[in-house]
Amino acid sequence: MSKKMMWIVLVIAIVIGAVVAYISADIGEKRGEQNALNKNSSLGLSDSDPRLTTWGSRFQDYLDMYLSGANYTLKSTDFGGNISYNKLDRYPQLVKMWAGYPFSFDFNEERHHFFIQSDQMKTARNNKDFLNASGLKAFAGQPTACMNCHSGWTNWLLENVSKNDFVAFNSAKYWTMIKNVPALDNEALDSKEHTGLHSGTRMGLTCADCHSPEDMSLRITRPALVNALISRGYEADKTQGVKATRQEMRTLVCAQCHTEYYFAPAGRVTTIGESIASDPSAKWLDGTQKTYDQIDYWRNGNKPTQIEVDGVILAFPWSEWKKGEPFRIEMFDDYYEKVRDKFPQDWIHKETKAPMIKIQHPETELASGGIHAQNGVSCADCHMPYVRNGAKKVSNHQFISPLNDVNASCKTCHNQSEDYLKKQVYNIQTSIASMQRNAEYTIVSLIEDVKKVREQMGTMPKYQTDGKADDGKISQALKAVLELHRKSQLRADFVNAENSTGFHNPTEAARIMGQSIAMAKEAQALLTAIAAKDGISIMPSNLGFKDIQKFAPGELRYPVDMEGHKKGDLYYHEEDEKDINRSPSKNLLELDESLVPYDYNKVNKPLTKK
């Protein structure tokens, strides 16, 4: 071999060796993190005490990261951020789209995971008197099913209060179940320690929700996800919920909550109730008997009882979505149609009377067909990237947007500049947001048109019973229009509820929005034709940004005197709520106004650059 060739071979060998060494070191560091966690697993952790204060004392570095995310500087991004502004004021079209549903009264930008339980307890959507006084007379209180994604005490309560009866657990009232969070370390029930954020009733996400106390390995703790994955073709596993690789688990633990769900009827069931139901002096504002106390601890002699109720079970509509396939929105159409005889709708739209489905936060579904997921990238790779913590390399437990640390989240795979990568995200999100606003404005236009036609139909004898408008007869005549309203809004709601503004899967998000617009337009045309048969002439509406703004509700205020507050008082008023439900920034509204019609001169200047 010539001397020149020997040098070439040597250089190649050195390069290969360096690459192998780097990969080995990186893998070793990541394994080292798991080994470090395993090493600490003998310190007495258990599911009987999921408190942050307990687990955090064993893994202080991770708790510090988590809490630093909760205390992150408040800021808005173009389509997110951690300032909990009033999203109904930013997107007033949602007030019309959700008419007759609690979300139409109270809907704010999400804060950090740390606050998910305290915010759920405060929201007006969990306040029976508030909603009843606001026109939602049928609202009887949220079920414990809502707690599955909000409380780190969920598994403890399921095991110790509901004796692992998942239907009984879900079917209890939210405010009843939360009273059973144990008061440890001799805490008084009404103390700040017991009703606090770090260990008590307001404690949100905690380590035990995703990690095993035995070896800190990832696991699925929520039965609803296990049931849904098995329906898709996964195999059950006693240790981690289902059989899956560690990389798969780095997505599946997030899928415990970041999904679409519904409360499936489950027949009559015996569950926990409250003795306040037998107290004739305990009344709701409308004078009816209270069945539970809207507070998070037992007081004034109120005690747990056993009651029989119509049961519900938290379920994911996934059976049409098979293992290994990317999700498609038509799978929800098919699923909800198959269960329609048992679950016809989440609510009846107040103005169109259409049977509606309210989509929640389907990040798992949308991301499944995106380029990142298709190439084996997990949720944690981007949202919990590996970072340096002193001499250690650890996964970041702040749970914040990848855009807050592009170097760690994105540049491990992408070699472009940080500015370039942020610009790509912005371009994708503004494109999808433009289609999304188009869809939402068209749906509100449809709602306004249906409302007008229904009013005119109600004056005709053929659509009346005993001289009064018969909603059933009118809905039957408009059935095809109402079905298009249901499907069109399901699609717009899907992309609205999915928190990436389409980034997780831009092509599918665009396809979904295209369908939503087309369905709403088709419904308007069909409505015009049906109305014409009854001699009703209507010009299809075409509402824009300025038209939509008239539906903006402003800050949430008490509808009547209640809870020690006067009618008109701000609903969010405590010191720790001072940034909740406030008006969105002017920049955000200017951006939204430039999306429909699309003004490239303004859209090309992202909020983050101003």
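As a basis for the values below, the full set of heavy atoms in this structure was taken, side chains included, without hydrogen atoms, waters or symmetry mates.
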Donor-acceptor contacts, no H, no angles, side chain residues 350-359, under 3.5 Å, sequence neighbours left out:
unit_1, atom_1, unit_2, atom_2, d
Glu351, OE1, Lys96, NZ, 2.8
Glu351, OE2, Lys96, NZ, 3.0
Thr352, OG1, Ala354, N, 3.2
Thr352, OG1, His485, ND1, 3.0
Lys353, NZ, Lys350, O, 2.8

On the 0 to 90° scale, with breaks at 30° and 60°, tag the His383-His504 ring pair as parallel, tilted or perpendicular. perpendicular
Under 3.5 Å, side chain of Gln464 to main-chain N/O of Gly458, donor-acceptor pair present? yes
What one should report as the nearest heavy-atom pair of Ala367 and Ala373 is O-CB, 3.1 Å
For the rings on Phe332 and Phe327, is their centre-to-centre separation under 6.0 Å? yes
Other residues, nucleotides and ligands only: do more than 12 of their heavy atoms fall within 6.0 Å of NZ on Lys322? yes
Distance-only donor-acceptor hits, side chain of residues 527-534, under 3.5 Å, sequence neighbours excluded:
unit_1, atom_1, unit_2, atom_2, d
Thr528, OG1, Gln524, O, 2.9
Asp534, OD1, Lys462, NZ, 3.1
Asp534, OD2, Tyr463, OH, 2.6

Parallel, tilted or perpendicular: which one describes the rings of Trp318 and Trp321, with boundaries at 30° and 60°? perpendicular
Flag if over 12 foreign heavy atoms under 6.0 Å of CG, Leu74: yes
Heavy atoms of Ala552 and Pro92 approach each other most closely as N-CB, 3.5 Å
Quiz question: by atom type and distance under 3.5 Å, do the side chains of Asn127 and Asp129 form a donor-acceptor pair? no
Please name the pair of heavy atoms, one in Phe139 and one in Lys128, separated by the smallest distance, quoted to 0.1 Å. O-NZ, 3.3 Å
Under 6.0 Å from the six-membered ring centre of Phe105 and within 45° of its axis: does the NZ or CZ of Arg125 meet both? no
If you count the non-hydrogen atoms of other residues, nucleotides and ligands that lie under 6.0 Å from NZ in Lys487, is the total more than 12? no
Show your working on salt bridge (charged side-chain N to carboxylate O under 4.0 Å, His left out) between Glu508 and Arg328 and close with a plain yes or no. CA-CA 8 Å; Glu508 179 67 3; Arg328 294 290 181 260; 3.7 Å; yes
Determine whether a donor-acceptor pair (N or O, by modelled atom type, separation under 3.5 Å) exists between the side chain of Thr123 and the backbone of Asn126. no
Roughly how far, to the nearest 0.5 Å, is the OG atom of Ser475 from the NE2 atom of His349? 12.5 Å
Using modelled atom types and a 3.5 Å cut-off, is there a donor and acceptor pairing between side-chain atoms of Thr144 and backbone atoms of Met147? no
Under 3.5 Å: donor-acceptor pair, side chain of Gln256, backbone of Val253: yes
Decide if the gap between the ring center of Tyr571 and the ring center of Phe130 is smaller than 6.0 angstrom. yes
Using the rule given for ring-ring contact (aromatic ring centres under 6.0 Å, His included), can you reason through Phe107 versus Tyr91, listing the C-alpha separation, both sets of side-chain angles and the distance that settles it, and then say yes or no? CA-CA 10 Å; Phe107 181 51; Tyr91 307 122; 8.2 Å; no
Side chains of Asp449 and Ser541 only: does a donor on one sit below 3.5 Å from an acceptor on the other? yes
side-chain contact (heavy atoms from CB on, under 4.5 Å) between Ile548 and Arg437, worked out: CA-CA 11 Å; Ile548 295 292; Arg437 299 291 89 79; over 6 Å; no
Do you know the tightest heavy-atom contact between Val603 and Ser594? CG2-OG, 3.4 Å
For Met513 and Ala439, work out which heavy atoms get closest and say how close. SD-CB, 4.1 Å
Strictly below 4.0 Å, N to O, side chains only: are Glu455 and Lys452 in salt-bridge contact? no
Indicate whether any N or O donor in one side chain lies under 3.5 Å from an N or O acceptor in the other, for Gln142 and Gln120. yes
Shortest non-hydrogen contact from Glu109 to Ser84? O-OG, 2.7 Å
Name all residues meeting the side-chain hydrogen bond (donor to acceptor under 3.5 Å, both in side chains) criterion together with Thr507; count only those two or more places apart in sequence or in a different chain, and write none if there are none. Asn505
Could you give all pairs that pass the ring-ring contact (aromatic ring centres under 6.0 Å, His included) test and reach residues 70-89, with sequence neighbours left out? none
Quick one: does any side-chain atom of Lys173 pair with a main-chain N or O of Ala140 as donor and acceptor, under 3.5 Å? yes
When you measure from the side chain of Glu260 to the backbone N and O of Gln360, does any donor-acceptor pair fall under 3.5 Å? yes
Who pairs with Phe263 by ring-ring contact (aromatic ring centres under 6.0 Å, His included), at least two apart in sequence or on another chain? Tyr261
Under 3.5 Å, side chain of Asp547 to main-chain N/O of Gly544, donor-acceptor pair present? yes
Tell me if a side-chain donor or acceptor on Gln476 pairs with a main-chain N or O of Gly472 at a distance below 3.5 Å. no
Is a donor on one side and an acceptor on the other found under 3.5 Å between the side chain of Asn148 and the backbone of Ala145? yes
Just say parallel, tilted or perpendicular for the rings of Tyr558 and His565, cut-offs at 30° and 60°. parallel
So, does Asp381 use its side chain to make a donor-acceptor pair with the main chain of Ser378 at under 3.5 Å? yes
Could you verify whether a donor N or O on one side chain and an acceptor N or O on the other, from Tyr572 and Asn86, lie under 3.5 Å apart? no
Test of understanding: with side-chain hydrogen bond (donor to acceptor under 3.5 Å, both in side chains), list the residues that count as partners of Asn407, not counting sequence neighbours. none
